[in-house]
Undergrad: 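Input: one structure, supplied below.
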Amino acid sequence: MRIGIGYDSHKLVEGRKLIIGGVEIPHEKGLLGHSDADVLCHAIIDSILGAMGEGDIGKHFPDTDGKWQGASSIRLLSKVIELAGQKGFGIVNIDSTVIAEKPKLAPYIEAMKDSLSKAGLPSASINIKAKSNEGMGFTGRGEGIAAEAVCLLKTRG
């Protein structure tokens, strides 16, 4: 068994879609980033890569490579899940938290789980929690959204 931790945060800006967990969520602002800036997918990707000892999202999908400009983070997650399989790992569990003051994310959690399972995560292994920061810090002030994830991998065999 191997454990990995992932974290990501992005700034909220006007003129971008808000995509979290592969789901477009109605909101007046979206997340700024090289790809679609999906903080949940990015945190999960980093947790899987960390558990494998394979670096982080920037190593595999650098923001200096135009190929990833505007990329779907669900697509990036699929590639990382495929890499885990090639390396002989199976995903046992993903536990994650998205920290956002607005919008309220609870109504979208099931859709996020469905989207993540379509990327290749076993649906029974996905847990997503949505939390506010009670007005504190950059998430509390509505300046951005953050996500954390923990991944448990097992060696296939």
Undergrad: What closest approach, in Å, do Ser115 and Val23 show between heavy atoms, and which atom pair accounts for it?
TA: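 Closest pair (atom of Ser115, atom of Val23, distance): CB-CG2, 4.2 Å.
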Undergrad: Sort and list the pairs that fulfil side chain to side chain donor-acceptor pair (under 3.5 Å) and have at least one residue in residues 134-150, not counting sequence neighbours.
TA: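 Side chain to side chain donor-acceptor pair (under 3.5 Å) check on residues 134-150 returns Asn133-Thr139, Arg141-Glu143.
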Undergrad: State whether a side-chain donor-acceptor pair under 3.5 Å links His42 with Ser35.
TA: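 Per modelled atom types, His42 and Ser35 side chains form a pair under 3.5 Å.
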Undergrad: Could you measure the distance from the CG atom of Asp46 to the CG atom of Asp8? Nearest 0.5 Å is fine.
TA: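 It comes to 7.0 Å.
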Undergrad: Mind checking what makes side-chain contact (heavy atoms from CB on, under 4.5 Å) contact with Ala84, not counting sequence neighbours?
TA: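 For Ala84, the residues satisfying side-chain contact (heavy atoms from CB on, under 4.5 Å) (neighbours in sequence not counted) are Ile48, Met52, Phe89.
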Undergrad: Could you go step by step and tell me if Val39 and Ile99 meet the side-chain contact (heavy atoms from CB on, under 4.5 Å) rule?
TA: CA-CA 10 Å; Val39 293; Ile99 304 107; over 6 Å; no
Undergrad: Taking side chain to side chain donor-acceptor pair (under 3.5 Å) as the test, write out the residues that go with Asp36, two or more places apart.
TA: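 Asp36: side chain to side chain donor-acceptor pair (under 3.5 Å) contacts with Ser73.
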Undergrad: For His27, which residues count as a side chain to side chain donor-acceptor pair (under 3.5 Å) partner, sequence neighbours excluded?
TA: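 His27 satisfies side chain to side chain donor-acceptor pair (under 3.5 Å) with no other residue.
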Undergrad: Any side-chain heavy atom of Ile44 sitting closer than 4.5 Å to one from Cys151?
TA: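 No - every pair of side-chain heavy atoms lies 4.5 Å or more apart.
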Undergrad: What is the minimum heavy-atom distance between Ala71 and Leu76, and which atoms define it?
TA: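 Ala71 and Leu76 have their closest heavy atoms at CB-CD2, 4.3 Å.
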Undergrad: Sorted by first residue and then second, give each side chain to side chain donor-acceptor pair (under 3.5 Å) pair with at least one member in residues 49-67; sequence neighbours left out.
TA: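 Passing the test, one end in residues 49-67: Glu54-Lys87.
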Undergrad: For residues 13-23, which residue pairs qualify under side chain to side chain donor-acceptor pair (under 3.5 Å), counting only residues two or more places apart or in two chains?
TA: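 Applying side chain to side chain donor-acceptor pair (under 3.5 Å) to every pair that reaches into residues 13-23, excluding sequence neighbours, yields nothing.
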Undergrad: Answer yes or no: is there a donor N or O on one side and an acceptor on the other, between the side chain of Ser96 and the main chain of Asn127, under 3.5 Å?
TA: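 Side chain of Ser96 to backbone of Asn127: a pair is present.
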Undergrad: Show every donor-acceptor pair shorter than 3.5 Å between a side-chain atom in residues 117-125 and any protein atom, with sequence neighbours excluded, or say none if there are none.
TA:
| residue | atom | partner | partner atom | Å |
| --- | --- | --- | --- | --- |
| Ser117 | OG | Lys113 | O | 3.4 |
| Ser117 | OG | Asp114 | O | 2.8 |
| Ser125 | OG | Pro122 | O | 2.6 |

Undergrad: Would you mind reporting whether Leu32 and Leu12 have side-chain heavy atoms less than 4.5 Å apart?
TA: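 Result no, sub-4.5 Å side-chain heavy-atom pair not found.
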Undergrad: Once you round to the nearest 0.5 Å, how far does CD1 of Ile109 lie from CG of Leu40?
TA: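 One gets 9.5 Å once the value is rounded to the nearest 0.5 Å.
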Undergrad: Could you tell me whether the side chain of Ile3 reaches within less than 4.5 Å of the side chain of Leu153, counting heavy atoms only?
TA: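 No, too far: nothing below the 4.5 Å cut-off.
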Undergrad: Check whether any side-chain heavy atom of His34 sits under 4.5 Å from a side-chain heavy atom of Phe61, and report yes or no.
TA: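 A side-chain contact under 4.5 Å is absent here.
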Undergrad: List for me each residue that meets side-chain contact (heavy atoms from CB on, under 4.5 Å) alongside Ala100, sequence neighbours excluded, and say none if there are none.
TA: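 For Ala100, the residues satisfying side-chain contact (heavy atoms from CB on, under 4.5 Å) (neighbours in sequence not counted) are Leu105, Ile145.
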Undergrad: Go through the structure and list residues passing ring pair (Phe, Tyr, Trp, His ring centres under 6.0 Å) with Tyr108, not counting sequence neighbours.
TA: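 Listed in chain order: nothing, the list is empty.
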Undergrad: Output every pair passing salt bridge (Lys or Arg N to Asp or Glu O under 4.0 Å) with a member in residues 88-102, not counting sequence neighbours, ordered by first then second residue.
TA: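 For residues 88-102, and leaving out neighbouring residues, the salt bridge (Lys or Arg N to Asp or Glu O under 4.0 Å) pairs sorted by first residue read Asp95-Lys129.
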Undergrad: Output the distance between atom SG (Cys41) and atom CE (Met112), rounded to the nearest 0.5 Å.
TA: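 Cys41 atom SG to Met112 atom CE measures 9.5 Å (nearest 0.5 Å).
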Undergrad: Report the residues that fulfil side chain to side chain donor-acceptor pair (under 3.5 Å) with Gln86, sequence neighbours left out, ordered by chain and then residue number.
TA: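 Side chain to side chain donor-acceptor pair (under 3.5 Å) list for Gln86, sorted by chain: Glu82.
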Undergrad: Could you measure the distance from the CD1 atom of Ile20 to the CG atom of Leu31? Nearest 0.5 Å is fine.
TA: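 It is 6.0 Å, given to the nearest 0.5 Å.
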Undergrad: By the rule that ILVMFWY residues connect when side-chain heavy atoms come within less than 4.5 angstrom, directly or transitively, which residues belong alongside Phe138?
TA: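 Listed partners: Tyr7.
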Undergrad: If we only count heavy atoms from C-beta on, is the Ile94 to Ser47 side-chain gap below 4.5 Å?
TA: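 SC-SC contact between Ile94 and Ser47 confirmed.
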Undergrad: So do Leu83 and Leu49 actually touch side chain to side chain, heavy atoms under 4.5 Å?
TA: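 Side chain of Leu49 against side chain of Leu83, heavy atoms only: contact under 4.5 Å found.
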Undergrad: Report yes if some heavy atom in the side chain of Ile91 is under 4.5 Å from a heavy atom in the side chain of Ile81; otherwise report no.
TA: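 Yes; the side chains approach each other to less than 4.5 Å.
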Undergrad: Any side-chain heavy atom of Ile57 within less than 4.5 Å of one from Pro62?
TA: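 Counting from C-beta outward, Ile57 and Pro62 never come under 4.5 Å.
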